[in-house]
Student: 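Structure provided below as structure tokens; questions to follow.
The chains referred to below are lettered A, B, ... by the order of the sequence lines, with proteins before strands, and numbering in each begins at 1. All values derive from a computational prediction rather than experimental measurement. Side-chain atoms are counted along with the backbone in the values below, which use heavy atoms only and exclude waters and symmetry mates.
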Number of protein chains: 6
Amino acid sequence: MITPVIYTKIPPSDPALVAQAAKIGVADLHEALGAVTGRMLLMGTRLRPLDPSKRIAGPAVTAFNWPGDNLMMHQALYLAQAGQVLVMSNGGGVQGALWGELAAIHARDKGVAGLIAEGAVRDCDALLAMGFPVWSTAIHASHPDKRGAGAVNVPIVIDGAIVNPGDIIVADGDGVLVIPPEHLAHAVKGALERGKKEEEIKRKLASGASLFELMNLREAVAATGAEIRDTTWQQDRAK
Amino acid sequence: MITPVIYTKIPPSDPALVAQAAKIGVADLHEALGAVTGRMLLMGTRLRPLDPSKRIAGPAVTAFNWPGDNLMMHQALYLAQAGQVLVMSNGGGVQGALWGELAAIHARDKGVAGLIAEGAVRDCDALLAMGFPVWSTAIHASHPDKRGAGAVNVPIVIDGAIVNPGDIIVADGDGVLVIPPEHLAHAVKGALERGKKEEEIKRKLASGASLFELMNLREAVAATGAEIRDTTWQQDRAK
Amino acid sequence: MITPVIYTKIPPSDPALVAQAAKIGVADLHEALGAVTGRMLLMGTRLRPLDPSKRIAGPAVTAFNWPGDNLMMHQALYLAQAGQVLVMSNGGGVQGALWGELAAIHARDKGVAGLIAEGAVRDCDALLAMGFPVWSTAIHASHPDKRGAGAVNVPIVIDGAIVNPGDIIVADGDGVLVIPPEHLAHAVKGALERGKKEEEIKRKLASGASLFELMNLREAVAATGAEIRDTTWQQDRAK
Amino acid sequence: MITPVIYTKIPPSDPALVAQAAKIGVADLHEALGAVTGRMLLMGTRLRPLDPSKRIAGPAVTAFNWPGDNLMMHQALYLAQAGQVLVMSNGGGVQGALWGELAAIHARDKGVAGLIAEGAVRDCDALLAMGFPVWSTAIHASHPDKRGAGAVNVPIVIDGAIVNPGDIIVADGDGVLVIPPEHLAHAVKGALERGKKEEEIKRKLASGASLFELMNLREAVAATGAEIRDTTWQQDRAK
Amino acid sequence: MITPVIYTKIPPSDPALVAQAAKIGVADLHEALGAVTGRMLLMGTRLRPLDPSKRIAGPAVTAFNWPGDNLMMHQALYLAQAGQVLVMSNGGGVQGALWGELAAIHARDKGVAGLIAEGAVRDCDALLAMGFPVWSTAIHASHPDKRGAGAVNVPIVIDGAIVNPGDIIVADGDGVLVIPPEHLAHAVKGALERGKKEEEIKRKLASGASLFELMNLREAVAATGAEIRDTTWQQDRAK
Amino acid sequence: MITPVIYTKIPPSDPALVAQAAKIGVADLHEALGAVTGRMLLMGTRLRPLDPSKRIAGPAVTAFNWPGDNLMMHQALYLAQAGQVLVMSNGGGVQGALWGELAAIHARDKGVAGLIAEGAVRDCDALLAMGFPVWSTAIHASHPDKRGAGAVNVPIVIDGAIVNPGDIIVADGDGVLVIPPEHLAHAVKGALERGKKEEEIKRKLASGASLFELMNLREAVAATGAEIRDTTWQQDRAK
């Protein structure tokens, strides 16, 4: 048997950069990572926010829990520090809520930035009332055991994306993105530049420009080989 | 290879009727089409509103996009006019958001009525803040290419329903309905009549009548052959 | 053919206990039932609230409807009394909304506590506006027939849980729980005790205690055999 | 906490009738129960046979297992007798295979008729090689604990259908049906009659008759109000 | 209400071309239609073959059935002629098997080529034994009514693709493709050319050539901008 | 933008151990890794074998492909050597088959052990006929582009499990397991020991022993606190 390990530490990250990332949001940072890397680092659509207006960023404290059990969540919450994001998996399955009100109160008091869970959360009324940010793959009230083996601060998978401990998690109404610390400065810089270009486009749109022309898409369309017909499909077919 | 086509026009429709349809909503118009036709024209439950309080109606400008790409969305947005509804598919899959903030700003400024997407949207915070109506099968931030072949203003499928260009789209918190223009007057007239009957029922309910009796359902129940027993299942079984 | 039966009565329950259950909510009552019984009585995650802030409790009036039909819902609504919860199934499938505005108006006027539906509901704008509590597995506008055979006040399955007529249904933002009447007093008592313990924990958390220590989890973690390493996974692997 | 119970006995059933049911198969017995009762007793489509050519019938020995655990399966297997069918649930989730080679060897040696599992099975190569009949909602190799609480020979839900201990399970390539013992004679008799009618229809079909006419469906079609047009849809629309 | 219509005829097609299409199969014909048109005409992955070794082609006789009902299937089967393919939908939902043994016997005797069903089939043992080709989205034994309204030989949607009556259906172990008759000659010709090229590639592969080089993909890879490193990821990261 | 990388090499592994792993199979190796590590290394149930009787093992050559594209598959196939397993992802979505007949012929000729794909495969008839082992999340015939960016021999996620290049993939009818090379000897040794114990149990079962007693489960059941009643549930409830 390979003994599972609880690592008590995660690699450091730059709080100023993390704070910038939180303001920028998922879509722009994803774009700045490039489409291949960005795609590999974006979680899937099974993960949904409890409150889609929340946006957070912070280094990941990870935990892999036994099915139906959240003991390793508690271990990770114990280790987590202000500004960090708890990232949990139970390997799939909705049984045994990974998170509820008491954990959220303690996390909020410690300054934990939020929770990302492959698994269920409960006490949703309380979580919404206290404003604790949660993204999970399920809402289910079922009893979690507190005796299951697991691992803390090891790499885990959340809805299709690898999270290494210390990776920067950015989450908002569009989903959840994982940024390895070594890519964070690059991503923030790229996203800010992208933001400026988007502001420029917004100004031009406000002056009445066409998005299609601003983006020079006429040639892209021509390159696809599509035929353009100045009629309706219905008239064309009736010929 | 069959060359795909971009049709620049869609058949005309009657703006006054369309405006009435928007007020009536999906459920009543669906009923007025008759159950067979209405069922064939109703989209499925994978499609959900970003904001369920929105309700729109308008003729469809359609686009079929390459997987992971939204170039044809841009072509369709360029062609779309005030009051029209953009109806997009990428043939399934969440990769490559079909829609985001810049497209929504431009669409709003042009007076486009809303977006229906078999595929993902992103920048949800901004879309909600600007109040642009969106129904989609997914929310995902992933990068869309802008080079993929496709077709515009041809028939497409959105979650189980055929949309021909120029078909009237009606969408609200209950889902999305497609009404061919030749059926619109009929549907609106039928739905208004149905609405009057429902108002009459509401008045009678308010006076204390029973819905079961107002709808004369006692005979319908008898016709099913069910046996009625004035006891509980538990008492019956204990005999 | 086994003739299906409409039972007009359900076993009695204690309104005071039911009112207490409504205040307590799903998660705590589920816990008080014990993990095995509680798990068997908790519905699954396909069932979602229309408005997650609602919370209800009441004895179940059940109906099994024909696919695409809601005649038995109408029969059950006719039989339902103030404080009861309508619990409906059509055996799966979204076609034929089980519930809509007129039924909700009548149910509200009769004092019906809410609706739990394995199947679709429609007229969601109106349902939300009138505040009628609904949990369903789908939202779909499709036409329901009113001629289908079925049964009323017999045991049915809703998303994985058995509901016997007269069972107490408790529903909130976390999901839906079924409590057989003979277990209700026990569940309420246990949940209140659990609530007190949670209040005690909240007080201690507010004084700066650690949840991990309050719950004595260090030994539980040790018992899993996990190795604890005071380093990061990254440093460990680089050795 | 409600103490879960292990019942060591199930109600008796008639082996001769059960043997007849196994020969008849799911579809005909389902029909003989009547459409309402038959629908409530038919499991859903998440359940699939490992080998669709198998067909079994026998009284149900039921077990509700802890998520990720199969201790109660072992308890039930210990209690099961020749001709009985093991019916297992873990409340959903694929983690912790409920069944594998050793259990199947022992079950086969005891004469157990087969396994129905809401949950996963493993060692599929061996199960197929030894020909042990299995219907399950998943195939997954994951480790099952053997310490979880649960209950044996109590009512459980398998993919939408209630199974009471002692209910007769019939399973084949079309799915799984539950027949309460008090309905078995009725179901077998009805199915045999139905089988005779089908043989008669097959003879007439073999002589060149039309199924549509044999079943007198022309009037049923007329009663739907459909219009019949002796042309193609394409020609009609082109008018 | 829009009266639904039963069209008794479908447009003609060329049997020789259809026979060629059956030999070629889905993947090559899909490619020959071009990627945009081919994608719009390919059904989705919910549709699976009962026996993946079957391959068929033929013009579509379509039917839209009421949920839980197969009356329109019977009407369509009555109208179907040798070589045609029955294409059925009930608008989703597994209740009410669309197809079973008697229909298959009659269809086989009439020379019907096969069945494509958005919905369930039953009597799978018999269907497999008689070798009747079936692709469906579900296997379920549930009772079908024979009184529901519907339409025959009108356009319908099957798992994401539009089928117009008379469209050529091609189905094999890879799925189901729809070819409008006006595209059939083009598709067959293109697929045969493609087949010849593939034979050429197979010959070269047999002589030891590399597929990567035969397809000239080195430049395509270079054009993506990927960096090529002659080391392992592990060694690179350890730097 | 983070430039994606194509690594041309993967870490070495021990062919003798790999050959042993292939003989042992997924379930036993999973158990030998311990339940926590084993669970993290087991892929999910969306992945199914084309032919469940195949069993393979080999070091992973990984590729992350653009949605709808398989250029990186071709690059990886070019780099793959005899005995290796191709492990592919397109980040989800069925569009653009990752694998087909030509690739399989070339892979077979090179001695590639098999394919694991998060995405679709096509030409299934040919793949089955040539006996090339495939596990995939979908079967779909759709056209793959050959121009998409991606990465080769980097860590990827396949249905919930992380695959690092060079990890040993073991796949059979029960699913797919990932074993890091440093754990392989341990896993093989543990699985062989486990196999011996299972042989011992099989011998005892053959002599008439009870599995429940061989595994000493009576105490485990007692420890759950379940009450044992020597009656039926039905008799107990009737009291």
Student: Mark yes when over 12 heavy atoms from residues, nucleotides or ligands other than B:Lys202 sit less than 6.0 Å from its NZ; otherwise mark no.
Tutor: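 Counting other residues, nucleotides and ligands, NZ of B:Lys202 exceeds 12 neighbours.
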Student: Give the member of C:Asp109, C:Leu71, C:Thr3 that has the highest number of heavy-atom pairs under 4.5 Å with chain B.
Tutor: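 Top option by heavy-atom pairs under 4.5 Å: C:Leu71.
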Student: Out of B:Gly44, B:Gly38, B:Ser210, return the one with the most heavy atom pairs under 4.5 angstrom to chain C.
Tutor: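 Most heavy-atom pairs within the cutoff with chain C belong to B:Ser210.
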Student: Does any non-hydrogen side-chain atom of B:Thr231 lie less than 4.5 Å from one of C:Tyr7?
Tutor: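 Of all side-chain heavy-atom pairs linking B:Thr231 with C:Tyr7, at least one is under 4.5 Å.
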Student: B:Glu213 and C:Tyr78: which non-hydrogen atoms are nearest, and at how many Å?
Tutor: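 Heavy atoms of B:Glu213 and C:Tyr78 come nearest at OE2-OH, 3.4 Å.
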Student: Give the minimum heavy-atom separation between C:Asp125 and B:Pro52, together with the two atoms involved.
Tutor: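 That closest heavy-atom pairing would be OD1-O, 3.3 Å.
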Student: A side-chain contact here means heavy atoms from C-beta on lying under 4.5 Å apart; do C:Pro144 and B:Glu31 qualify?
Tutor: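 A side-chain contact under 4.5 Å exists here.
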Student: Taking B:Asp174 for its side chain and C:Cys124 for its backbone only, find out whether a donor-acceptor pair lies under 3.5 Å.
Tutor: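 At least one qualifying donor-acceptor pair exists.
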Student: If you count heavy atoms of other groups shown closer than 6.0 angstrom to CD of C:Glu182, is the number above 12?
Tutor: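 Yes, the 6.0 Å shell around CD holds more than 12 heavy atoms from other groups.
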Student: Compare every heavy atom of B:His30 with every heavy atom of C:Ser142, then report the nearest pair and how far apart it is.
Tutor: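 What the structure gives for the nearest pair is CA-NE2, 3.2 Å.
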Student: Mind checking whether C:Arg147 and B:Thr224 have side chains closer than 4.5 Å, heavy atoms only?
Tutor: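 A side-chain contact is absent here, since even the closest heavy-atom pair is not under 4.5 Å.
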Student: How far apart are the closest heavy atoms of B:Arg39 and C:His143, and which atoms are they?
Tutor: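 So the minimum-distance heavy-atom pair works out to NH2-O, 3.0 Å.
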Student: Please give me the minimum heavy-atom distance between C:Asn153 and B:Trp233, naming the atom from each residue.
Tutor: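 Closest heavy-atom pair between C:Asn153 and B:Trp233: O-CB, 3.3 Å.
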Student: Heavy-atom cut-off 4.5 Å, strictly under: side chain, backbone, both or neither for B:Gln234 against chain C?
Tutor: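 For B:Gln234, the side chain is the part near chain C, not the backbone.
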Student: With a 4.5 angstrom heavy-atom cut-off, is it the side chain or the backbone of B:Gln235 that approaches chain C, or both, or neither?
Tutor: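 For B:Gln235, neither part sits under 4.5 Å from chain C.
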Student: Under 4.5 Å heavy-atom distance to chain B, tell me which part of C:Glu101 shows up: side chain, backbone, both or neither.
Tutor: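 Only the side chain of C:Glu101 comes within 4.5 Å of chain B.
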Student: For C:Ala141 and B:Ala27, which heavy atoms make the closest approach, and how far apart are they?
Tutor: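 Looking at all heavy atoms of both residues, the shortest contact is CB-CA, 4.1 Å.
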Student: Does some side-chain heavy atom of B:Leu217 sit less than 4.5 Å from a side-chain heavy atom of C:Gln75?
Tutor: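 No, their side chains stay 4.5 Å or more apart.
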Student: Which atoms of C:Val94 come close to chain B, meaning under 4.5 Å heavy atom to heavy atom: side chain ones, backbone ones, both, or neither?
Tutor: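 Side chain of C:Val94 only, per the 4.5 Å heavy-atom cut-off to chain B.
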Student: Against chain B, label C:Ala97 side chain, backbone, both or neither, depending on which of its atoms sit under 4.5 Å from a heavy atom there.
Tutor: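 No part of C:Ala97 comes within 4.5 Å of chain B.
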Student: Could you list which of residues 130-140 of chain B have a heavy atom closer than 4.5 Å to any heavy atom of chain C, in residue-number order?
Tutor: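 Answer by number: none.
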Student: Please rank B:Ile201, B:Asp172, B:Asp230, B:Val176 by heavy-atom pairs under 4.5 Å with chain C and give me the top one.
Tutor: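 Counting heavy-atom pairs under 4.5 Å, the top option is B:Asp230.
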Student: With respect to B:Glu198, which candidate in C:Ile105, C:Leu102, C:Asp123 satisfies the side-chain contact (heavy atoms from CB on, under 4.5 Å) definition?
Tutor: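 Only match with B:Glu198 under side-chain contact (heavy atoms from CB on, under 4.5 Å): C:Leu102.
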